[in-house]
Number of protein chains: 2
Amino acid sequence: MRMNEGVEWAVHSCLNLAWLGEDRAVPAAKLAAFYELPAAYLNKQLQALARAGIVTSTPGPRGGFRLARPPEEITLMDVVAAIEGPDEAFRCTEIRHRGGSGSGSRSETPCAIHTSMRKAELAWRRELASQSIADIAATVDDHSPAAAERVRRWFGDTRT
Amino acid sequence: MRMNEGVEWAVHSCLNLAWLGEDRAVPAAKLAAFYELPAAYLNKQLQALARAGIVTSTPGPRGGFRLARPPEEITLMDVVAAIEGPDEAFRCTEIRHRGGSGSGSRSETPCAIHTSMRKAELAWRRELASQSIADIAATVDDHSPAAAERVRRWFGDTRT
DNA sequence: GGTGTACTACTCGGATATCTACTGTCCGAGTGACTAGGG
DNA sequence: CCCTAGTCACTCGGACAGTAGATATCCGAGTAGTACACC
């Protein structure tokens, strides 16, 4: 089981967008250059965020991405769901109804394994939903206060 | 993000082994036939369980797999870790230290995103570790009491 | 009849193909800004 | 000096390859049971 690498990129980009404010749009190429990521592929992830309503995109010159709502209202769960899709990690294929096992009583009782797995996954989702982009930004500001300013300076100065 | 299908097979097989008792070994081919699964591939998953010390394997005629310890002491976390491996789903690649971002202060503060993700994943693992094979067996016995007996009969009768 | 030995069938275990989906790249559609010309 | 039309560069958006990991399969090593020959 492995999470898409795009999730890491997306969260970092959301953090940067949060620091840069909502009044300016940042092109995907610039967000990618900040971390030396492949620009076109990061763009793909940002598109997913846009479809999920987490960021808004504006085309043309001076265009780019910006957060669609305040960072307090964007949770890690939102970002993960946008990139990974709605499906849960464990997918019950109902093998208990195949072969010699299910012959006869095709009961409609829920699969106990599926239930247990879902319970664990819900705990995971709940924890993700409890943490917002603003929370993470606050943690970073606490540990290294210069980070936000460095981001603002870098995105303000370079004209790549 | 998608969990290996082998996890589902492995948990079902552990359940069956629990119902069949520790005093008899069941070949992988028979466990596979019960659900019409590819035998060689299920065997691969059972090997992973054996390496993790969840089941013991005995070769030769009358050989097969059996639980290495009572089902009360086998948790879902054990099985998932055996199949999926020890790595966590979210892997921080430390992109924050690449490119224009990290130039200058390569701080040793922990990555806040990584910390948050790990927190969620720990909640998931904790929930998995709290449920044992015996718990699931009890749930199934509660919902459809005939299941255990049907398993014992099927594995006892057929001589495939 | 008892015992030792060779044989056979059965099982796991790991090495080897195939296939899905994640990763990465490219080009076109659309939009806003800028420039130049006219009033 | 102000307004308008045309051009251009920039950006997103989706369509198109490449690749790692999961899925599926096959064959060899080892073992226990069995049959047979010998004592």
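Every chain is numbered from 1, with letters handed out A, B, ... down the list of sequences.
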Any chance the side chains of B:Q131 and B:T75 put a donor and an acceptor closer than 3.5 Å?
-> no
What nucleic acid atoms does A:A29 come within less than 4.0 Å of, heavy atoms only: base, sugar-phosphate, or nothing?
-> nothing
Does A:S57 place a side-chain N or O at less than 4.0 Å from the phosphate oxygens OP1/OP2 of D:dG13?
-> yes
Polar atom pairs (N or O), protein with nucleotides 25-31 of chain D, under 3.5 Å:
none

Round to a whole Å and report the spacing from NZ of B:K30 to P of C:dC10.
-> 12 Å
Salt bridge A:R96-A:E94, side-chain N to carboxylate O under 4.0 Å = yes
When rounded to whole Å, the CZ to P distance for the pair A:R24 and D:dT11 reads 12 Å
Give one of base, sugar-phosphate or nothing for B:A28, where a contact means two heavy atoms less than 4.0 Å apart.
-> sugar-phosphate
May I ask you to evaluate whether A:R2 reaches the phosphate of D:dG21, defined as a side-chain N or O under 4.0 Å from OP1 or OP2?
-> yes
If only side-chain N and O atoms of B:R51 are considered, is one of them under 4.0 Å from the OP1 or OP2 phosphate oxygen of C:dG14?
-> yes
Can any side-chain N or O of A:R2 pair as donor or acceptor with the backbone N or O of B:R91 at less than 3.5 Å?
-> no
Grab the CD1-P distance between A:I83 and C:dG24 for me, whole Å please.
-> 14 Å
Indicate whether OP1 or OP2 belonging to D:dT34 is found under 4.0 Å from a side-chain N or O atom of B:R62.
-> no
Can you check the B:L46 CG to C:dG13 P distance for me, whole Å?
-> 9 Å
Whole Å only: how far is the CD atom of A:E84 from the P atom of C:dA21?
-> 13 Å
Does some side-chain heavy atom of B:F155 sit less than 4.5 Å from a side-chain heavy atom of B:L20?
-> yes
Rounded to the Å, how far apart are A:Q47 CD and C:dG30 C1'?
-> 14 Å
Any ion pair linking B:R118 and B:E121 (charged N to carboxylate O, less than 4.0 Å)?
-> no
Given D:dT23, C:dT11, C:dG24, the nucleotide with the shortest approach to the side chain of A:W9 = C:dG24
To the nearest Å, how far apart are B:N4 CG and D:dA22 P?
-> 5 Å
Answer yes or no: are there more than 12 heavy-atom neighbours, outside B:R69 itself, under 6.0 Å from its atom CZ?
-> yes
Within this structure, what is the CG-to-C1' distance between B:D87 and D:dA20, rounded to whole angstrom?
-> 15 Å
Along DNA chain D (nearest heavy atom to each residue), the more 5'-positioned of A:M1 and A:G64 | A:G64
